[in-house]
Amino acid sequence: MSNPQEFAIQVPSEDPKKKKEKPESDKPDFKGLSKVGKDVKGGKEEEGEELSEEDQQLKEQLELLVERLKEPDTKLYAPALEHLRTLIRTSTSSMTSVPKPLKFLRPHYPALQELYETWAPSADKSLFADILSVLAMTYSDTEPRGTLRYRLLSASQRPSDSPLADPGTWGHEYVRHLAAELGDEFAVRTQEELDTTDGVAKSEPTTQIPGSIEDLRNLAKQCATFLLAHNAEPDAVDLLEEMEIIHEIVELVDENTFGRVCQYMVRCVNLLPPPDDNLFLRTAHAIYVKHHKFPEALSLSIRLGDPDLVREDFNAPANPVMKRQLAFIIARSQLPIEWLSPPGEEIEFESDLQDCLYNTKLSEHFRAFGKEVGVEEAKSLEDVYKSHLENTRSGTSANIDSARGNLAGTFVNAFVNAGFGNDKLMVMADEGNSWIYKNKDHGMMSAAASLGLSLLWDTDIGISHIDKYTYSAEEHIKAGALFATGMLNSGVRTEADFALNLLSDYTENKSVPLKTSSFMGLALAYTGSHREEVLALLLPHISDDVTMEIASLASLALGFVFVGSKHGEVSDTILQVLMEKATKEGDKSLDEKWARFMALGLGLLYLGQQDASDATIETLKVIEHPISKTAQILVEACSFAGTGNVLKIQSMLHHCDEHVNADKGEEGKKDEPKKDDTFQAFAVIAISLIAMGEDIGAEMALRQFNHLMHYGDPIIRKAVPLAIGLVSASNPQLPILDTLSKYSHDNDLQVAINAIFAMGLVGAGTNNARLAQMLRQLAGYYQKEPDSLFMVRIAQGMVHMGKGTIGLNPFFGDRDIMSRPAVAGLLAVLTAFTDSKSFVLDKYHWMFYLLTPAMYPRFLITLDENLENKPVTVRVGQAIDVVGQAGKPRTISGFQTHQSPVRLGTTERAELATEEFIPYSHVLEGLVILKKNPGWEQEDKMEV
């Protein structure tokens, strides 16, 4: 736009100035104006008649004050500046327009700048600089960071006791403007430092702004203090983050602001690159500790996986009831109890505190909850299949392999009646009539093992039921009983350590089924417990001179037990074996299907540890064998699981884009062996593993999977449904169900089978009626495909897991904390599905039971201070993210009011309906202790 037009149409020349209030929008508005500088004054004169009398008077007054400053008499300066300051500060204007004094003083700004340079340093000059700093807001396009420059100049000459020291005296807009300029200046200076260290010559001098980095940071803290006091917590956090002093916010917050600050900081974590994400968590943790918010602090310590912080938080409260609440949170996250004792010592806990920590009462609470919500009765297979609703033609199903059907029934029965310990096929069956004998060979193993799932968490009665099968002469039944013993103890601890005592004898057994069952039994019983006793039993089996099956399952079992522990000894041993096998002549064991589990065992050691796995990844790069690439992807994906790290997701997508075995022309390529492309399957699963737990990332990942399904090689297409299942476990959203329903009819049977399993994963424990209907249709569609039908049955069992009370989602605590054992369980099963024909559909169907560590009841049970059940009224609705919103918005929408105990869906949240009780925990989920609100009765009486 050229200048003549600008003055011909007077309205546009005025309007941009009215928008001056917002510093973000000021850049384009003044394009033509500031260049004319003093000519604008001429333009203004012509408009003079339009000013109201009041405005005219103000304008003349301001011009008079400016003239005063130009006179030689220095005594007039102080009153004139003081008067100017008062006028600027007291001017009220609408939100959309520039305050009148700034509008009228704008033309004089260049002249005042020149005048300022001629003055000698004094208190008056400091006040003058302050006023120029405010005026500079209207010139921020031509003189970047002018506000900041004059602010710092003013500070350098100001007496220490001056009331002007606080930038907040000029109002909110000024502080926001200053904050924006502080961020810019800090970025410029950091860049300059980088350039000088790199030896790059700087073309334009930007050193005109005085003050050191320290001065900038002090000013930033002043601004942050003002912003915190004026409900702009996110702005304060952002400013301190830009200035790289976020840890200092701990001193600036008070009891009114800390909650909102911490909420915002914790929400930011998923969007920050390392190491800032951990710094934010630690800072928020420090704030919570300072304000005695122990459950909040503990949940952040668990997210950080820091034993010292967990121990400090657990031992901080003196109130024994609060300690029990913290014990429930620790038991839910399945942390090693040893973390709570100082290194090298062992603390004895009181018996009821130990019950909370060991999760001893979980089974009791779960069954009481089942009774309360009316699902105590055992369900038969027909209750789940509802085959009378399937649209199958009679007489066609006769050719189905009955052993296969019975095997599916084993898993369905176990999943549906999990934890209730009253199913009719196994627990309640007569001695000779047990379901075990309706299966063949390896089917018997899974049938015997299903006892462990049915009696889940019930260590007292469970052992007696399983014990009789450990003496069986049939090897497979005995192996199943060992497996069941491990499953039974999953997620709970006992003083007696049955699993360890019983299974340790079999780790050296000659029989492969007994040996592998004892490995996996120990893995399930001690997932995430970091127990050194298990290490001594299993480590010798990761060696070069045993079969790949045994070495891999031992690696996987140690991966489960030491999940996320960065355990050096285990990782070194696995790396050593991989290297030896890769270099040994004629050793083909790394080409076996089992090798992927060895790689997964290595990955699980670094689950959630971010950069800690760098050295391991570098070592893997040296190994010259295709398994090395698979292992690198698994280790990297596990390290960044649930962080939503965008760069890692991009690098995983790069692995998916090459067509490993594409036709490269005819000449001489016919006899070339196929390259190994297994790593691509894991790259796809890695995308969802990194993206889960962060809603936007998960949504983006689903879009990427759509592309991969269209353009990917068969190996990638097989893995996509699994990845979709992982990113949305126990969270059946319609678009995802429709996508999976489409894939479940795919021409490639492997894709279809994985899609059917993913449907089970997405709907696990939700009783979703639409999904159940889809699976019934699939049962009809695949009635002649035994593999697919087997999978449909298993999916039906998973959808009704625990009769709708047990979920598989690995996040808890308001979907903020990732349960590492749960992720380990899910990953192990998905790894088996990357080659379902060789594992799950062959004789290793017991791998379904590796889901056990991820199975956890989705309940809210409220207890009184004596840990007795205490029914209260609660509202349950869809959780809404209210971080950064003003006031006290509703945290749930579309709620229903129930009497506790209640079931909570994956995306649901609960809150107490009345203020009669105060919960000890900040999140109403799992077991929550309530205390009576002392102010409640009085309020009631007053109303009467």
Side-chain angles (χ1 to χ4, degrees), residues 400-415 425-426 434-453 469 472-484 486-487 506 509-521 523-524 541 546-557 589 591-598 600 718 749-750 753-754 756-757 760 785-795 797-798 825 828-852:
I400 288 178
D401 173 6
S402 69
R404 202 61 185 278
N406 287 352
L407 182 60
T410 301
F411 289 106
V412 172
N413 176 56
F415 282 139
L425 299 186
M426 294 290 307
S434 173
W435 183 258
I436 293 182
Y437 304 110
K438 294 202 166 111
N439 288 283
K440 292 192 233 165
D441 305 338
H442 49 82
M444 287 178 154
M445 175 183 163
S446 284
S450 72
L451 267 173
L453 204 50
Y469 293 110
S472 167
E474 174 63 57
E475 190 179 57
H476 288 292
I477 296 181
K478 196 169 182 177
L482 297 179
F483 204 98
M487 254 198 301
Y506 291 95
N509 203 299
K510 293 277 182 289
S511 145
V512 174
L514 290 178
K515 200 171 198 166
T516 53
S517 296
S518 62
F519 288 179
M520 296 326 293
L524 294 178
H541 296 286
V546 293
T547 63
M548 199 61 193
E549 177 180 351
I550 289 189
S552 295
L553 288 176
S555 307
L556 181 63
S589 55
D591 299 336
E592 285 182 36
K593 60 185 180 185
W594 289 104
R596 64 195 70 194
F597 282 105
M598 190 177 268
L600 177 63
K718 270 189 274 194
L749 260 187
Q750 291 297 306
I753 284 173
N754 287 359
I756 295 167
F757 174 67
E785 279 287 345
D787 282 351
S788 309
L789 185 61
F790 173 70
M791 217 47 252
V792 172
R793 296 297 183 215
I794 301 254
M798 287 170 71
V829 180
L830 294 185
T831 304
F833 267 91
T834 52
D835 187 357
S836 51
K837 265 206 158 54
S838 319
F839 291 115
V840 204
L841 301 173
D842 193 26
K843 52 180 194 251
Y844 302 105
H845 31 71
W846 52 261
M847 290 190 170
F848 281 120
Y849 293 134
L850 296 180
L851 285 173
T852 318

Can you name the nearest heavy-atom pair linking [X] to [Y], along with the distance?
| X | Y | value |
| --- | --- | --- |
| A449 | M487 | O-CE, 2.9 Å |
| M598 | S555 | CG-OG, 3.5 Å |
| H476 | H442 | ND1-CA, 3.8 Å |
| R793 | A408 | CB-CB, 3.7 Å |
| A414 | S450 | CB-CB, 3.7 Å |
| A828 | L600 | CA-CD2, 3.6 Å |

Decide yes or no for [X] and [Y]: does some side-chain heavy atom of the first lie under 4.5 Å from some side-chain heavy atom of the second?
| X | Y | value |
| --- | --- | --- |
| I753 | F790 | no |
| L425 | K438 | no |
| Y849 | M520 | no |
| N439 | T410 | yes |
| K843 | M445 | no |

With a cut-off of 6.0 Å (strictly less than), are more than 12 heavy atoms of other residues, nucleotides or ligands near NZ of K593?
yes
About how many Å separate [atom2] of [Y] and [atom1] of [X], when rounded to the nearest 0.5 Å?
| X | Y | atom1 | atom2 | value |
| --- | --- | --- | --- | --- |
| F483 | T852 | CZ | OG1 | 7.0 Å |
| L789 | R404 | CG | CZ | 9.5 Å |
| E474 | D441 | CD | CG | 7.0 Å |
| Y469 | I436 | OH | CD1 | 4.0 Å |
| L453 | F415 | CG | CZ | 6.0 Å |
| S788 | I756 | OG | CD1 | 5.0 Å |

Among I550, L482, L556, side chain to side chain contact (heavy atoms under 4.5 Å, CB included) partner for F519
I550
So, does [X] use its side chain to make a donor-acceptor pair with the main chain of [Y] at under 3.5 Å?
| X | Y | value |
| --- | --- | --- |
| S517 | A479 | yes |
| S446 | G443 | no |
| S552 | E549 | no |
| N509 | S511 | yes |

Please state whether the rings of W594 and F597 are parallel, tilted or perpendicular, taking 30° and 60° as the class boundaries.
tilted
Hey, can you tell me if F848 and F411 have their rings parallel, tilted or perpendicular (30° and 60° cut-offs)?
perpendicular
Which atom pairs, one a donor and one an acceptor, fall under 3.5 Å between side chains of residues 832-840 and the rest of the protein, sequence neighbours left out?
residue : atom : partner : partner atom : Å
T834    : OG1  : R596    : NH1          : 2.8
T834    : OG1  : T831    : O            : 2.5
D835    : OD1  : S838    : OG           : 3.0
D835    : OD2  : S838    : OG           : 2.7
S836    : OG   : Q750    : OE1          : 3.0

Walk me through it: do I794 and H845 pass the test side chain to side chain contact (heavy atoms under 4.5 Å, CB included)?
CA-CA 11 Å; I794 301 254; H845 31 71; over 6 Å; no
